[in-house]
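Report on the structure given below.
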Amino acid sequence: MRVKIAGAGIAGLSTALSLHAAGITDVVVHEAVEDIQPLGVGINILPHAVRELIELGLGDRLAEIGVETADLTFINRYGQRIWSEPRGRQAGYAWPQYSIHRGRLQLMLLRAVRERLGAGAVVTGSPVTGLHHDADLLVGADGIRSSVRQALFPGEGEPLWGGHVLWRGTTYRAPFMTGRSMIMAGDGATKIVIYPIAPDEDGNQLINWAVQHQAPESTPRGDWNQPVSVDKILPHVRDWHCDELDITELVAAATKVYEYPLVDRDPLPRWSTGDATLIGDAAHPMYPTGSNGGTQAVIDARVLAYALATGRGLKFYEDERRPVTNRIVLANRQDGPEIILRLAHERAPHGFADIEAVLPLSEREEIALHYKRLAGFEPATLNARRSWSA
């Protein structure tokens, strides 16, 4: 079987590696850019995707370039703790969670593809512009502005914008909390997530931060690499407090900041034709809420390879993946697990003396567990699930 993949991002490279591991080795990845650079900032790879990368033999490489996440804490803008939970192996998973630089992850996957499938397995400067191809299967892994998706659904139009902008940056600072912690802070209009994405260097870590803010004046663009001045962000976080680190100083000290109006697309009724299918952001672009973008792309790749190698085909792939990812897209529009920040603000806009009186523990636990179940990474279920190795 000959497979052509459009796009050498996380989805496309994970697909090539998954196909190779399943015995499908006539695979070529076509990438539009001439030179693949480690662009972007931080992402999280959740345990159900880390499992797949480990089963592909990439566990040691992943551990070398990422930070194994230990815990997540939600606070309001006054620094009051709303909810804390362990993450990864600390939460009972058989596999860790990693916070990692997106570009470093992409280059690690790229090196693995070239090692295993050969130097010619990734062709740069080679955009795929439609459904015409010389393979048995075309896999559209070419992102939110996928040309393969556009060919399948020519009237779909531009990505949909929900009225928020995301500003993302990185800053070298001393480790905070455990050195493997995530902080999510917010109120009704603005929220910030903070976590380290690279191991210690001379006592400092590369700290990723992302500020999401309501911005009705913005115009949607699908460009993660639009630089902006840090002065645009500081007014929105200047009065925020956090015992563990100085949020204002962290943002102010960033060397580069990127703006990305939050966009997604409506769930599709299908992803495939007889000899073409979609994967990752081309299939289900979603808000980065809940850390599921790159994670779901990796799982897509593994399930697709399993479906092809076992003769179950594209219908099996879609039946397994499309309902799950469609639910995540819609849940993320409603803030996913981060709804806990909005609820705490709505019920106690000026802070609280006792979080139990504002947001009872049972409600906080249910919010966290509900999203894990919806996204497919509730610990007991994931630990017991069969492997997607073919």
Side-chain angles (χ1 to χ4, degrees), residues 8-11 13 33 36-46 49 62 64-69 72 97-110 143-144 164-176 179-186 190-201 204-213 215 218 221-234 236-237 245 247-264 280-281 285-298 332 338:
I10 292 170
L13 297 171
V33 304
I36 299 173
Q37 296 291 324
L39 302 176
V41 283
I43 62 171
N44 272 270
I45 303 297
L46 300 179
L62 195 57
E64 288 175 1
I65 61 174
V67 175
E68 183 175 340
T69 311
L72 168 64
Q97 173 177 330
Y98 282 106
S99 300
I100 195 166
H101 190 288
R102 182 201 172 280
R104 293 176 184 173
L105 175 61
Q106 182 184 13
L107 290 188
M108 183 269 281
L109 295 172
L110 177 64
I144 190 169
H164 289 79
V165 66
L166 193 68
W167 295 300
R168 310 188 70 164
T170 54
T171 308
Y172 275 100
R173 281 294 175 270
F176 64 91
R180 299 188 291 132
S181 300
M182 298 178 65
I183 291 176
M184 178 74 70
T190 304
K191 61 185 176 184
I192 182 170
V193 60
I194 304 166
Y195 51 86
I197 58 172
D200 290 11
E201 294 182 10
N204 286 322
Q205 291 178 303
L206 185 62
I207 308 295
N208 177 88
W209 55 264
V211 177
Q212 181 178 325
H213 178 68
S218 293
R221 296 183 300 276
D223 181 7
W224 277 104
N225 304 303
Q226 177 71 27
V228 295
S229 168
V230 71
D231 294 335
K232 190 171 184 179
I233 302 127
L234 285 173
H236 303 289
V237 298
L245 77 170
I247 292 177
T248 302
E249 192 275 337
L250 181 76
V251 173
T255 54
K256 291 183 180 179
V257 181
Y258 301 98
E259 179 181 87
Y260 183 76
L262 256 62
V263 292
D264 66 3
D281 281 350
M286 60 183 68
Y287 297 164
T289 304
S291 306
N292 261 288
T295 288
Q296 295 300 325
V298 171
N332 284 4
E338 294 158 26

One pair to check against side-chain contact (heavy atoms from CB on, under 4.5 Å): L206 and R104. What are the steps and the verdict? CA-CA 13 Å; L206 185 62; R104 293 176 184 173; 4.2 Å; yes
Looking at OG of S291 and OH of Y195, how far apart are the two atoms once the value is rounded to the nearest 0.5 Å? 6.0 Å
Any side-chain donor paired with an acceptor under 3.5 Å for N208 and T170? no
Verify, without hydrogens or angle tests, whether R102 (side chain) and G40 (backbone) share a donor-acceptor contact under 3.5 angstrom. no
L166 vs Y258 side-chain heavy atoms within contact, under 4.5 Å: no
Please test V165 against L262 for side-chain contact (heavy atoms from CB on, under 4.5 Å), starting from the C-alpha separation and ending with a verdict. CA-CA 5 Å; V165 66; L262 256 62; over 6 Å; no
Indicate the ring-plane relationship of W167 and H236, choosing parallel, tilted or perpendicular according to the 30° and 60° boundaries. parallel
Residues R173, E249: salt bridge by 4.0 Å N-O rule: yes
Give a yes or no answer on whether the side chain of Q205 reaches the backbone of I197 with a donor-acceptor pair at less than 3.5 Å. no
Using modelled atom types only, decide if a donor and an acceptor are shared between the side chain of T190 and the backbone of V237 within a distance under 3.5 Å. no
Side chains of I194 and I192 in contact at under 4.5 Å (non-hydrogen atoms): yes
Rounded to the nearest 0.5 Å, what separates atom CG in L13 from atom CD in Q106? 6.0 Å
H213 NE2 to H164 NE2 distance, which is reported to the nearest 0.5 Å: 8.5 Å
If every non-hydrogen atom of I10 is compared with every non-hydrogen atom of G294, which pair is closest and at what distance? CG2-O, 4.3 Å
Rounded to the nearest 0.5 Å, what separates atom CD1 in I100 from atom OG1 in T69? 10.0 Å
Would you compute the distance between atom OH of Y287 and atom CD of E338 and round it to the nearest 0.5 angstrom? 13.0 Å
Atom of G179, atom of P196 and distance for their closest heavy-atom approach: O-CG, 3.5 Å
Find out whether M182 and Q97 are in side-chain contact, i.e. whether some heavy atom of one side chain is under 4.5 Å from a heavy atom of the other. yes
Closer than 3.5 angstrom, by distance alone: can the side chain of D281 be matched with the main-chain N or O of I144 as a donor-acceptor pair? no
Would you confirm whether N292, through its side chain, and G290, through its main-chain N or O, come within 3.5 Å as a donor-acceptor pair? yes
Shortest non-hydrogen contact between V230 and A252, atoms and distance: CG2-CA, 4.0 Å
Provide the closest heavy-atom pair for G280 versus A11 in the form atom of the first, atom of the second, distance. CA-CB, 4.1 Å
Taking C-beta and beyond as the side chain, do R168 and E259 meet within less than 4.5 Å on heavy atoms? no
Spacing of CD1 belonging to I65 relative to CG belonging to L107, to within rounding of 0.5 Å: 8.5 Å
Is the closest side-chain heavy-atom distance between L245 and I183 below 4.5 Å? yes
Short side-chain to backbone donor-acceptor contact, N332 and M286, under 3.5 Å: no
Polar side chain donor-acceptor pair, W209 to T171, under 3.5 angstrom: yes
